[in-house]
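These notes are about the structure you will find just below.
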Amino acid sequence: MKNLKKLIRIFTGTEVSVILLKGKLEESGIPALIKNDYQSGISAGFTGGIPSAIDVYIQESDLTKAEPIVNEFQHQT
């Protein structure tokens, strides 16, 4: 069986803020995933979710490295 890495949510915000945070994380070598249930629902023809509640996920193993970046980002916004 493959070694699956656990993803954890580290931030929820607007589309602009999650894109900016994702860029900061990736500049530091931390891959990030954006999950937008609202946009996914619209694309599928459903409604649901909240437009300003978009999530950023990272691998759990990157959490220690990501915490200072996320904390600084939250204090700047």
Side-chain angles (χ1 to χ4, degrees):
M1 180 176 247
K2 292 182 181 178
N3 182 12
L4 299 176
K5 301 198 182 208
K6 184 176 178 184
L7 293 177
I8 56 170
R9 185 181 66 210
I10 58 162
F11 183 80
T12 301
T14 64
E15 185 173 8
V16 172
S17 63
V18 298
I19 289 170
L20 290 171
L21 178 57
K22 182 178 188 261
K24 288 184 177 293
L25 291 166
E26 290 179 345
E27 285 173 4
S28 297
I30 303 169
L33 172 74
I34 294 175
K35 185 177 177 193
N36 186 342
D37 288 335
Y38 180 75
Q39 187 61 40
S40 296
I42 289 174
S43 298
F46 303 105
T47 57
I50 301 169
S52 62
I54 303 168
D55 299 322
V56 178
Y57 287 83
I58 63 167
Q59 294 179 10
E60 186 175 37
S61 59
D62 290 328
L63 182 59
T64 302
K65 187 176 176 184
E67 282 180 330
I69 297 167
V70 175
N71 290 337
E72 180 181 338
F73 180 80
Q74 288 177 321
H75 284 55
Q76 291 177 350
T77 56

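Each residue takes its place number in the sequence, starting with 1.
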Which residues share a side-chain contact (heavy atoms from CB on, under 4.5 Å) with Ile19, sequence neighbours left out: Glu15, Ile34
hydrophobic_cluster_shared for Phe73 and Val18, side chain cutoff 4.5 Å: yes
Contacts of type side-chain hydrogen bond (donor to acceptor under 3.5 Å, both in side chains), residue Glu67, not counting sequence neighbours: none
Any Asp62 side-chain heavy atom under 4.5 Å of Leu25 side chain: no
Partner of Glu72 by side-chain hydrogen bond (donor to acceptor under 3.5 Å, both in side chains), out of Gln76, His75, Gln74: Gln76
Contacts of type side-chain contact (heavy atoms from CB on, under 4.5 Å), residue Glu60, not counting sequence neighbours: Lys6, Ile8
Rounded distance [0.5 Å steps], CG in Leu33 versus CD in Gln59: 10.0 Å
Single-linkage hydrophobic cluster Ile54~Ile69, side-chain heavy atoms < 4.5 angstrom: yes
Shared hydrophobic cluster for Val56 and Val70 (ILVMFWY, side-chain gaps under 4.5 Å): yes
Pairs touching residues 16-26 that satisfy salt bridge (Lys or Arg N to Asp or Glu O under 4.0 Å), sequence neighbours left out: Lys22-Glu26
Check: Arg9 main-chain N/O paired with Lys35 side-chain donor or acceptor under 3.5 Å: no
Hydrophobic cluster membership, Phe11 vs Leu7, 4.5 Å side-chain cutoff: no
Hydrophobic cluster identity match, Leu63 and Ile30, side-chain contacts under 4.5 Å: yes
